[in-house]
**Student:** 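Mind having a look at this structure? Questions to follow.
Because only heavy atoms are used, hydrogens play no part in the values below, and waters and symmetry mates are left out as well, while side chains stay in.
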Amino acid sequence: MLRIAVPNKGMLSEPAWNMLQEAGYRLRSNPRQLVVQDPDNDIELFYLRPLDIAVYVGRGTIDVGITGHDLLLNSGTEAEMHMKLGFGASTFRFAAPNDSDFQTLEDIQGKRVGTSFDKLVHDYLTEHGIEAETIHLDGAVESSVQLGVADLIADVVSTGTTLRNAGLRIFADPIMHSEAVLIRSPRLDPKDERLTVLSRRLQGVLTAQRYVLMDYDIPVSKVAAAVAVTPGFESPTVSPLHDKQWNAVRVMVPKAKVNQLMDKLYEVGARAIIVTALQASRM
């Protein structure tokens, strides 16, 4: 069986569970269940702490896992990123007190940095020639300056509200942009058929989330112009209608551009434009 680790809590957990469920895998039936056997799909699912997943994949017997790219880099293990999963986007930034003199990366020289990602921060500062002390904290990093543990912090930032409430402001360039990723064990062959199936299923879910199916009728004389607007993947499906002057077109289009494409198709001459959500796909 392929052993898969997923977050048991946190911002990545529910999107990860939903993705696996949409990919056809069995999930736990109650929140206390930490291991799920899915013999129909030949997998074993483990619910683990998000911070530990890369460690279990890199050093243990877990084959693949879903975690944040930042957590992977901070783990210091040999686990490898296999594919991006398109959710859980975040930015990792430095922040300092509003009334401090911190403006550039060089201002961190010789200072104390409070963070839950001490390896990631240390590696980043070393890469840029900055010597500073990283103070490891498991939570409430934004309080470390006020409580005298650190001079500044490095943490994941989304809206910045938490930082502002703590009297902190962002400075310098982002340390990194992160998102959820599928990682694999260094002992697992990248061409392993089980991994190939999992990757194909997850990619199918991503495609279904990002694309929709569009159907429309178009005069035969304007098919070429319509296809130029909606070229699809390989090519749209074009079928004759009862009225020989019209064709029906079926094509996949990006969900984010649906309304713009409908406007352009209507201008070209398309009518009866219908959009249908996708449940799953294999491309």
Side-chain angles (χ1 to χ4, degrees), residues 1-90 92 115-120 136-141 155-156 158 176 178-190 192-209 279-280:
M1 282 190 171
L2 187 71
R3 293 181 145 198
I4 304 174
V6 294
N8 65 350
K9 61 180 180 179
M11 63 175 289
L12 299 182
S13 58
E14 288 198 22
W17 304 342
N18 292 338
M19 174 170 276
L20 287 172
Q21 186 172 48
E22 291 174 15
Y25 296 105
R26 181 185 301 171
L27 302 181
R28 63 186 178 185
S29 56
N30 69 75
R32 293 185 178 181
Q33 195 173 5
L34 298 180
V35 182
V36 176
Q37 301 282 343
D38 186 357
D40 292 340
N41 290 298
D42 197 30
I43 72 159
E44 194 172 14
L45 201 61
F46 293 82
Y47 290 79
L48 303 172
R49 291 178 66 242
L51 289 169
D52 297 334
I53 289 177
V55 177
Y56 281 106
V57 173
R59 298 176 182 170
T61 59
I62 298 294
D63 298 305
V64 295
I66 295 177
T67 189
H69 191 199
D70 51 353
L71 296 174
L72 169 62
L73 295 180
N74 195 61
S75 71
T77 71
E78 295 182 358
E80 301 175 16
M81 185 176 75
H82 186 69
M83 65 181 290
K84 297 179 179 180
L85 298 178
F87 65 87
S90 61
F92 206 66
T115 182
S116 298
F117 297 78
D118 41 315
K119 183 182 185 305
L120 191 156
H136 177 79
L137 299 167
D138 285 328
V141 173
D155 203 8
V156 174
S158 51
M176 71 170 296
S178 181
E179 67 174 286
V181 293
L182 180 70
I183 63 174
R184 70 171 187 270
S185 166
R187 296 168 295 283
L188 182 66
D189 186 344
D192 187 295
E193 180 61 25
R194 300 168 302 169
L195 179 59
T196 300
V197 171
L198 172 63
S199 302
R200 189 184 299 130
R201 287 193 183 191
L202 295 182
Q203 187 58 56
V205 173
L206 288 174
T207 301
Q209 292 174 346
Q279 182 67 31

**Student:** Please list every donor-acceptor pair under 3.5 Å in which a side-chain atom of residues 59-68 meets a protein atom from a residue at least two apart or in another chain.
**Tutor:**
unit_1, atom_1, unit_2, atom_2, d
T61, OG1, R3, NH1, 2.8
D63, OD2, R3, N, 2.8

**Student:** Between L20 and L202, is there a side-chain heavy-atom distance shorter than 4.5 Å?
**Tutor:**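 The answer is yes; the side chains approach within 4.5 Å.
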
**Student:** Quick one: does D38's side chain have a donor or acceptor within less than 3.5 Å of a partner on I43's backbone?
**Tutor:** no

**Student:** Write down the atom of P7, the atom of L12, and the distance for their closest heavy-atom approach.
**Tutor:** CG-CB, 4.1 Å

**Student:** Is it true that, when you exclude R187 itself, more than 12 heavy atoms of the residues, nucleotides or ligands shown sit nearer than 6.0 Å to its CZ?
**Tutor:** yes

**Student:** Give me the atom names and distance for the closest heavy-atom approach of A79 to V57.
**Tutor:** CB-CG1, 4.0 Å

**Student:** Does anything in residues 80-89 form a salt bridge (Lys or Arg N to Asp or Glu O under 4.0 Å)? List the pairs, not counting sequence neighbours.
**Tutor:** E80-R184

**Student:** Can you give me the closest heavy-atom contact between S75 and V55, atom names plus distance?
**Tutor:** CB-CG2, 4.4 Å

**Student:** Do P50 and L71 touch side chain to side chain, with heavy atoms closer than 4.5 Å?
**Tutor:** yes

**Student:** Just verifying a value: how many Å separate L182 CG and Q203 CD, rounded to the nearest 0.5 Å?
**Tutor:**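 Separation between the atoms: 11.0 Å.
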
**Student:** Output every pair passing side chain to side chain donor-acceptor pair (under 3.5 Å) with a member in residues 15-29, not counting sequence neighbours, ordered by first then second residue.
**Tutor:** S29-Q33

**Student:** Can you tell me how far the CG atom of D42 sits from the CD atom of Q37, to the nearest 0.5 Å?
**Tutor:** 10.0 Å

**Student:** For D189, give me all partners under salt bridge (charged side-chain N to carboxylate O under 4.0 Å, His left out), at least two apart in sequence or on another chain.
**Tutor:**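 Per chain and number, D189 pairs via salt bridge (charged side-chain N to carboxylate O under 4.0 Å, His left out) with no residue.
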
**Student:** Does the D192 side chain pair with the main chain of R194, one donor and one acceptor, at a distance under 3.5 Å?
**Tutor:**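 A pair under 3.5 Å: yes.
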
**Student:** Should V36 and Y47 count as side-chain neighbours, where that means a heavy-atom distance under 4.5 Å?
**Tutor:**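 Yes - at least one pair of side-chain heavy atoms lies under 4.5 Å apart.
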
**Student:** Ignoring hydrogens and angles, tell me if any N or O in the side chain of S116 forms a donor-acceptor pair with the backbone of L137 under 3.5 Å.
**Tutor:** yes

**Student:** Rounded to the nearest 0.5 Å, what separates atom CE in M176 from atom OG in S90?
**Tutor:** 7.5 Å

**Student:** List the atom of G86, the atom of E179, and the distance in Å for their closest heavy-atom pair.
**Tutor:**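 Looks like N-OE1, 2.9 Å.
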
**Student:** Write down the atom of M1, the atom of P39, and the distance for their closest heavy-atom approach.
**Tutor:**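 Heavy atoms only, the tightest pair is CE-CA, 3.7 Å.
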
**Student:** Give, for atom CZ of F87 and atom CG of L206, the distance between the pair rounded to the nearest 0.5 Å.
**Tutor:** 8.5 Å

**Student:** Rounded to the nearest 0.5 Å, what separates atom CD1 in I4 from atom CG in N41?
**Tutor:** 8.5 Å

**Student:** So, using salt bridge (charged side-chain N to carboxylate O under 4.0 Å, His left out) as the criterion, who are the partners of D70 when residues are at least two apart?
**Tutor:**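 Salt bridge (charged side-chain N to carboxylate O under 4.0 Å, His left out) check on D70 returns nothing, list empty.
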
**Student:** When you look at CD of E193, are more than 12 heavy atoms from neighbouring residues, nucleotides or ligands closer to it than 6.0 Å?
**Tutor:** yes

**Student:** Test of understanding: with side-chain contact (heavy atoms from CB on, under 4.5 Å), list the residues that count as partners of T115, not counting sequence neighbours.
**Tutor:** F92, F117, D118, V121, A154

**Student:** With rounding to the nearest 0.5 Å, note down the distance linking CG in L72 to CG in L120.
**Tutor:**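 The CG atom of L120 is 10.0 Å from CG of L72, to the nearest 0.5 Å.
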
